[in-house]
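Here's the structure, in structure tokens; my notes come after.
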Number of protein chains: 2
Amino acid sequence: MLELAILGFLYDAPLHGYVLRRHIAALTGHVRPVAESTLYPAIKRLEKAGLLVRASEPGAVAAPRHVLRLTEEGGRELMRRLAEPAQREITDENHWFTLLAFLRHLADPAAQAAVLRRRLAFLEEPASFFYEGDRPLSAEELDDPFRRGVLTIARATSRAELAWLRDTLASLDRVGR
Amino acid sequence: MLELAILGFLYDAPLHGYVLRRHIAALTGHVRPVAESTLYPAIKRLEKAGLLVRASEPGAVAAPRHVLRLTEEGGRELMRRLAEPAQREITDENHWFTLLAFLRHLADPAAQAAVLRRRLAFLEEPASFFYEGDRPLSAEELDDPFRRGVLTIARATSRAELAWLRDTLASLDRVGR
DNA sequence: ACGGTATACCTCGGCACCGATGTATGGTGC
DNA sequence: GCACCATACATCGGTGCCGAGGTATACCGT
């Protein structure tokens with residue numbers, strides 16, 4: 001998730017670590033903050049894997065900074081991660097939102113649609129959070145107001161997302177024809 | 001999150017690891033599966049911390065099983081984690097839903113309401129995923145259909161949750177009076 | 001002069017998590 | 001007779017993540 005965000009931001013423009021950090025904080029920081037001690041090692045990992053290069057530059061304001069630039073291999077890796085996300089990226093909202101934030105980088109509308117269809121298939125599966133045996137329970141069947149809240153909120157999210165997915169898939173199909 | 005779920009399920013009734021695993025899979029598995037190799041060490045951690053005890057019992061079907069039972073300290077720890085959740089438990093939906101699934105265990109309606117109010121405060125903060133400088137962008141201002149989707153979905157979730165939170169807080173206040 | 005804050009990057013220890021793999025038993029299908 | 005699956009628990013190596021702490025520069029207010 002973090003690596004995807006790094007690759008996604010750098011695909012737009014080279015950045016140095018500090019600005020990248022602020023971009024990531026804006027994207028997901030209110031929900032799931034990323035520590036500096038997580039970001040810098042992640043950058044080094046990606047550098048070691050040949051996905052980005054660092055160039056030292058005199059600091060505009062303070063200490064010298066390392067401008068990060070995607071390599072060609074880094075661009076290809078971003079495309080792979082966008083086009084063939086792991087199942088976790090599809091099911092976990094945090095991961096999914098990060099993926100959506102950069103899905104526009106995938107040039108082919110058919111490839112974009114294929115990813116959306118995976119999410120659609122996931123949302124269309126009958127799934128709950130609470131069961132009686134194997135039978136999913138609906139909000140109305142629960143006495144617990146907090147568990148009822150979970151289902152109420154999840155249902156509202158699901159409805160909004162299904163509507164958006166169907167709309168967006170329809171318009172991607174129009175482009176693809 | 002995992003530890004909270006373990007404590008929460010065991011508070012209802014003693015269980016052995018395998019059944020606990022299926023309970024957890026039902027609760028959060030469709031979004032974020034938990035590996036066996038994560039669950040068993042987590043159980044050992046909690047045992048080592050004195051929050052639960054394991055009792056060997058001849059296996060009903062197969063191998064002998066370890067029935068897990070919360071200690072008194074385990075019950076107190078659950079109450080602490082429910083009443084004073086870390087900020088991550090409030091902001092991250094995955095964590096938050098797990099907390100909600102067990103919030104009924106917190107006996108005091110005022111304490112339950114205090115937790116809901118922390119979530120309410122978080123949701124009422126103006127926050128987006130995308131910014132122009134410091135100004136949060138609305139869905140309508142975005143060209144990117146995927147980023148627009150993120151905001152559309154997040155807004156629907158937020159609305160449903162705010163309505164539920166206000167309803168539930170009102171009824172908790174009625175009980176508390 | 002000095003503290004506070006923002007910029008800018010880094011290391012280290014500890015720990016949670018995961019995939020792969022191992023070890024059993026017993027029931028079901030072919 | 002044998003494969004397969006469900007039950008039931010466990011270890012191990014690798015890795016990602018985090019908090020705490022460290023090292024600088026530069027500007028602003030007092």
Side-chain angles (χ1 to χ4, degrees), chain A residues 1-7 14-25 28-29 31-49 51-52 54-68 81 86-89 91-92 94-95 98 133-134, chain B residues 1-7 14-26 28-29 31-49 51-68 81 86-89 91-92 94-95 98 133-134:
Chain A
M1 205 177 101
L2 174 59
E3 293 183 3
L4 184 66
I6 296 173
L7 296 174
L15 295 171
H16 59 275
Y18 198 81
V19 170
L20 180 59
R21 183 162 142 68
R22 281 199 282 106
H23 278 44
I24 290 171
T28 57
V31 168
R32 180 180 265 278
V34 171
E36 266 184 81
S37 51
T38 303
L39 177 62
Y40 286 110
I43 289 171
K44 290 209 166 165
R45 267 199 315 277
L46 297 177
E47 189 195 14
K48 207 174 157 191
L51 306 183
L52 58 82
R54 289 194 296 174
S56 251
E57 202 179 73
V61 182
R65 43 194 204 178
H66 292 167
V67 175
L68 311 171
R81 293 191 192 209
Q87 194 56 18
R88 184 73 122 264
E89 318 286 319
T91 62
D92 187 327
N94 291 326
H95 291 243
T98 304
D134 279 342
Chain B
M1 204 178 101
L2 174 58
E3 294 184 3
L4 184 65
I6 296 173
L7 296 174
L15 295 170
H16 58 276
Y18 198 82
V19 170
L20 180 59
R21 183 163 143 66
R22 282 198 283 105
H23 278 44
I24 290 171
T28 57
V31 168
R32 179 179 266 279
V34 171
E36 267 184 81
S37 50
T38 303
L39 177 62
Y40 287 111
I43 290 171
K44 289 206 170 170
R45 264 196 319 273
L46 296 177
E47 190 195 13
K48 208 173 155 191
L51 306 183
L52 57 83
V53 288
R54 289 194 295 176
S56 250
E57 202 180 75
V61 182
R65 43 192 206 180
H66 293 166
V67 175
L68 312 171
R81 292 191 192 210
Q87 194 56 17
R88 184 73 123 263
E89 318 286 318
T91 63
D92 187 327
N94 294 148
H95 291 244
T98 303
D134 279 342

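Chain letters run A, B, ... following the sequence lines, proteins first and then strands; every chain starts at 1.
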Partner residues of B/E3 under the salt bridge (Lys or Arg N to Asp or Glu O under 4.0 Å) criterion, sequence neighbours left out: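 For B/E3, the residues satisfying salt bridge (Lys or Arg N to Asp or Glu O under 4.0 Å) (neighbours in sequence not counted) are B/R45, B/R81.
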How many Å lie between [atom1] on [X] and [atom2] on [N], as a whole number?
X	N	atom1	atom2	answer
B/L15	D/dC9	CG	C1'	16 Å
A/E47	C/dC9	CD	P	12 Å
A/H23	C/dT7	NE2	C1'	16 Å
B/I6	D/dC9	CD1	P	13 Å
B/R21	C/dC18	CZ	P	10 Å
A/I24	D/dC18	CD1	C1'	15 Å
B/N94	C/dC17	CG	C1'	15 Å
A/H66	C/dT7	NE2	P	18 Å

Set of residues satisfying side chain to side chain contact (heavy atoms under 4.5 Å, CB included) with respect to A/P33, sequence neighbours excluded: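 Checked A/P33 against side chain to side chain contact (heavy atoms under 4.5 Å, CB included); matches are B/R88.
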N/O (side chain, [X]) to phosphate O (OP1/OP2, [N]) under 4.0 Å:
X	N	result
A/R54	C/dC10	yes
B/H16	D/dT7	no
A/R22	C/dA6	no
A/R65	D/dA24	no

Residue A/Y18, side-chain atoms from C-beta onward, closest of D/dC9, D/dC18, C/dT7: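 That would be C/dT7.
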Closest contact, heavy atoms only, A/L39 versus A/G17: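 Residues A/L39 and A/G17, closest heavy atoms: CD2-O, 3.9 Å.
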For the student: nearest non-hydrogen atoms of A/Y40 and A/Y18, plus distance: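 Smallest heavy-atom distance, with atoms named: OH-N, 4.1 Å.
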Close approaches to DNA chain C from residues 35-46 of chain B, in residue order (heavy atom, under 4.0 Å):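 Nucleic-acid contacts, sorted: B/A35, B/S37, B/T38, B/R45.
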Identified side-chain contact (heavy atoms from CB on, under 4.5 Å) partner of B/I6 from the options B/I24, B/L51, B/L68: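 The option that passes is B/I24.
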Validation row: B/N94, B/T28 side chains within 4.5 angstrom (heavy atoms):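 Counting from C-beta outward, B/N94 and B/T28 never come under 4.5 Å.
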Side-chain donor/acceptor of B/R21 to backbone N/O of B/V34, under 3.5 Å: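 Side chain of B/R21 to backbone of B/V34, a donor-acceptor pair under 3.5 Å: yes, one is there.
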